[in-house]
Q: 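Sharing a structure with you now.
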Amino acid sequence: MSAVAIKGWCPGALRPMQSGDGLVVRIRPHGGRLEAAQATGIAELAARHGNGLIDLTSRANLQIRGVSDVSYPPLIDGLAGLGLLDSDSDTEAQRNVLVTPFWTAGDDTPSLAAELERVLAGASLDLPTKFGFAIDDGNVRVLAGASADVRIERDRGGALLVRADGAQFGRSVTRQEAVQVALTLAEWFAAFGGANGERRRMAAHLAGGATLPDSLRGDAEPVARSADPVPGLYPVGAMVGVAFGQMPHQMLSQLAASAQALRVTPWRMMLAEGMHEMPRGSDLVTEADDPVLRVIACSGAPRCREAHADTRTLASVLARHIPAGARLHVSGCAKGCAHSGSADVTLVASGEGFDLIRRGTTRDTPVLRGLTSSYLIANPTVLTGGH
Ligand code: SF4
């Protein structure tokens, strides 16, 4: 049993979260990868014990939705049988590890992920619940835009480095040192990051004036970052998207049937290992320029009881009016569960219609208020500044 102390909590399989459609059971695939049999098993469990819907989250986790108090125990037994449970809920909560999906056989990535998970399971840390790690050790960085506090990356010469999120440089490490230095960085944050009881994240801690010790600072510059990947064929398989990060169980089992394994990503996409043709005839997002990739929408009504409106139907209709490269976020309330950051246009439902915010978040001041869905659909130019 680990002595880890987690402040607050994040949903997991062992600590499910109540939502408008029942319990949400979050699964954290080990090493960011599911064997095809595990993915098929998750789909079957979602059909039998949930409402059949599965989320793909921005932390590269899967969530089975619509679970009841009665169906939860057999669901957990099923996940245990698939090798997808941790020893306890604290260990599970601390195992926040994002993994680049683009590694190939012989790369350090899988062994770094396995070693980091093993070390974290035995660590006695005291970290904020969202604190996480990224293993982004390819020759371009693909996870730089994803949430993580401690990053294992490479420099331009191909050597590994460990970098605190928010720091420009990292410390050069050997393969043997990498995981231990990453853990030491997390321990430093745990010891010196919670000033005045704050539980902020690494980048905010450094921006607030905290200084890394010499032993963790280093002067290694990470390789360039890439834009977020898009659906398409890659050397290791086919990258496919899931509209709004939610799929019916049949979609997951069909994809698993054609792949050796599925690698999960924080971009609401999965990489189907060993697939060398894009899937056809499914509702998966397979085109890099599909307008649905330009919109983000939370669960909304009727799936979430906090929601003031149906977000996904509106987002689907408005998607084609969003220019390539721009982003529309439709939120059922001001909490902004689907996207905490800024978007080109954000629509937030309230009891009096939608508020419209430009280049901001759900918490920023709207430029227009009280817009109905039918008005927005009839006048989509209002999104881009026209009337
Ligand atoms: S943003 Fe609001 S409406 Fe949307 S899922 Fe979160 S709580 Fe529900």
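Not measured: the values here are computed from a predicted model. Just so you know, residue 1 is the first one in the sequence shown, and it goes up from there.
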Q: Any carboxylate oxygen within less than 4.0 angstrom of a Lys/Arg side-chain nitrogen, looking at E177 and R171?
A: yes
Q: Cut-off 3.5 Å, side chains only: do S111 and R175 have a donor facing an acceptor?
A: yes
Q: How long is the straight-line distance from CG of L371 back to CG of L376, given to the nearest 0.5 Å?
A: 5.0 Å
Q: Is it possible for you to say whether L56 and I42 belong to one hydrophobic cluster, with membership spreading through side-chain heavy-atom contacts below 4.5 Å?
A: yes
Q: Tell me the closest heavy-atom pair linking I27 and N61, and the distance in Å.
A: O-CB, 3.4 Å
Q: Side chain to side chain contact (heavy atoms under 4.5 Å, CB included) between W188 and S215: does it pass, once the steps are laid out?
A: CA-CA 11 Å; W188 170 81; S215 59; over 6 Å; no
Q: Could you tell me whether a side-chain N or O of D149 sits under 3.5 Å from a main-chain N or O of M202, the two making a donor and an acceptor?
A: yes
Q: Kindly determine whether L160 and T174 satisfy side chain to side chain contact (heavy atoms under 4.5 Å, CB included), including the steps that lead there.
A: CA-CA 6 Å; L160 288 170; T174 63; over 6 Å; no
Q: Would you confirm whether R358, through its side chain, and L383, through its main-chain N or O, come within 3.5 Å as a donor-acceptor pair?
A: yes
Q: Got a salt bridge between D355 and R369, using NZ or NE/NH1/NH2 to carboxylate O under 4.0 Å?
A: yes
Q: Applying a strict under-4.5 Å side-chain criterion to I, L, V, M, F, W and Y, I'd like to know whether L125 and I135 cluster together.
A: yes
Q: Between the side chains of S71 and S68, does any donor sit under 3.5 Å from an acceptor?
A: yes
Q: Please check if any side-chain donor atom of H30 sits under 3.5 Å from a side-chain acceptor atom of E117, or the reverse.
A: yes
Q: Using a 4.5 Å cut-off on heavy atoms from C-beta on, say whether the side chain of E273 contacts that of R33.
A: yes
Q: Should the pair F102 and Y234 be assigned to parallel (<30°), tilted (30 to 60°) or perpendicular (>60°) ring geometry?
A: tilted
Q: In the single-linkage hydrophobic clustering (I, L, V, M, F, W, Y; side-chain heavy atoms under 4.5 Å), do F169 and V223 co-cluster?
A: no
Q: If you compare all heavy atoms of T91 against all heavy atoms of D86, which two are closest, and at what distance to 0.1 Å?
A: CG2-OD1, 4.2 Å
Q: Quick one, R65 with S19, criterion side-chain hydrogen bond (donor to acceptor under 3.5 Å, both in side chains). Give me CA distance, side-chain angles, the key distance, then yes/no.
A: CA-CA 8 Å; R65 303 196 68 91; S19 181; 3.0 Å; yes
Q: Report yes if the side chains of V295 and V330 come closer than 4.5 Å at any heavy-atom pair, otherwise no.
A: no
Q: State whether R141 and D136 are salt-bridged, where the test is any N-O pair (Lys NZ or Arg NE/NH1/NH2 against Asp/Glu carboxylate O) under 4.0 Å.
A: no
Q: Would you say L233 ends up clustered with L293 if hydrophobic residues are merged whenever their side chains have heavy atoms under 4.5 Å apart, either directly or through other cluster members?
A: no
Q: Between H49 and Y72, is the ring-ring contact (aromatic ring centres under 6.0 Å, His included) condition met? List the steps.
A: CA-CA 7 Å; H49 302 302; Y72 177 69; over 10 Å; no
Q: Step by step, work out the side chain to side chain contact (heavy atoms under 4.5 Å, CB included) result for L143 and W267.
A: CA-CA 10 Å; L143 297 175; W267 314 297; 3.8 Å; yes
Q: If only atom types and distance count, is the side chain of S253 paired as donor or acceptor with the main-chain N or O of Q250 below 3.5 Å?
A: yes
Q: Using 30° and 60° as the class limits, which term best fits the ring planes of F133 and F131: parallel, tilted or perpendicular?
A: perpendicular
Q: Judged by atom type as modelled, is there a donor-acceptor pair below 3.5 Å linking the side chain of H329 to the main-chain atoms of G336?
A: no
Q: Is the shortest heavy-atom distance from the side chain of T265 to the side chain of M239 under 4.5 Å?
A: yes
Q: For a quick check under 3.5 Å, do R268 and Q246 share a side-chain donor-acceptor pair by atom type?
A: no
Q: Is the number of heavy atoms from other residues, nucleotides or ligands under 6.0 Å of D219 CG greater than 12?
A: no
Q: Kindly say whether L79 contributes a backbone atom to a donor-acceptor pair with the side chain of D77 at under 3.5 angstrom?
A: no
Q: Can you tell me how far the NE2 atom of H276 sits from the OG atom of S258, to the nearest 0.5 Å?
A: 12.5 Å
Q: I'd like to know whether D165 forms a salt bridge (Lys or Arg N to Asp or Glu O under 4.0 Å) with R201, so could you lay out the CA-CA distance, the side-chain angles of the two residues, the decisive distance to 0.1 Å, and finally the verdict.
A: CA-CA 9 Å; D165 191 48; R201 303 284 298 276; over 6 Å; no
Q: Do V162 and V150 make a side-chain contact, defined as non-hydrogen atoms from C-beta onward lying under 4.5 Å apart?
A: yes
Q: For the pair R294 (side chain) and R320 (backbone), establish whether a donor and an acceptor sit closer than 3.5 Å, ignoring hydrogens and angles.
A: no
Q: Nearest heavy-atom pair of P279 and T286: which atoms, and what distance?
A: O-CG2, 3.7 Å
Q: Determine yes or no for a side-chain-to-main-chain donor-acceptor pair under 3.5 angstrom, with R59 supplying the side chain and L98 the backbone.
A: no
Q: Cationic tip of R263 within the cone over W103's six-membered ring, i.e. under 6.0 Å and within 45° of the normal?
A: yes
Q: Do K335 and R363 have side-chain heavy atoms sitting under 4.5 Å apart?
A: no
Q: At their closest point, which heavy atom of V142 faces which heavy atom of S226, and how far apart are they?
A: CG1-OG, 3.5 Å
Q: Are P231 and V240 packed together at the side-chain level, in the sense that at least one heavy-atom pair is separated by less than 4.5 angstrom?
A: no
Q: For residues A60 and P266, report the shortest heavy-atom separation together with the two atoms involved.
A: CB-N, 3.9 Å
Q: Is a side-chain N or O of T346 found less than 3.5 angstrom from the main chain of S342, in a donor-acceptor match?
A: no
Q: Identify the two heavy atoms, one from R163 and one from Q168, that lie closest to each other, and give their separation to 0.1 Å.
A: CD-O, 3.9 Å
Q: Could you see if L255 belongs to whatever hydrophobic cluster contains I64? Use Ile, Leu, Val, Met, Phe, Trp, Tyr and a side-chain cutoff under 4.5 Å.
A: yes
Q: Flag the pair D108 and R154 as a salt bridge only when some basic side-chain nitrogen lies within less than 4.0 angstrom of an acidic carboxylate oxygen.
A: yes
Q: Is a donor on one side and an acceptor on the other found under 3.5 Å between the side chain of T362 and the backbone of A334?
A: yes
Q: Flag yes if more than 12 heavy atoms outside D283 fall under 6.0 Å of its CG atom; otherwise flag no.
A: no
Q: When you look at L252 and L62, which way does the side chain to side chain contact (heavy atoms under 4.5 Å, CB included) test go after all the steps?
A: CA-CA 11 Å; L252 181 61; L62 274 69; 4.2 Å; yes
Q: Within a strict 4.5 Å, meaning less than it, do heavy atoms of the T313 and S316 side chains meet?
A: no
Q: Please round to the nearest 0.5 Å and tell me the distance separating atom CD1 of I357 and atom CG of L368.
A: 10.5 Å
Q: Hey, what do you get for NE2 (H308) to OG (S331), rounding to the nearest 0.5 Å?
A: 9.5 Å
Q: Is the shortest side-chain heavy-atom distance between L183 and E187 below 4.5 Å?
A: yes
Q: Donor-acceptor pair, N96 side chain versus T129 backbone, under 3.5 Å?
A: yes
Q: When rounded to the nearest 0.5 angstrom, what distance separates CG in L45 from CG in L82?
A: 5.5 Å
Q: Could you tell me the separation between the CZ atom of R28 and the CD atom of Q63, rounded to the nearest 0.5 Å?
A: 9.5 Å
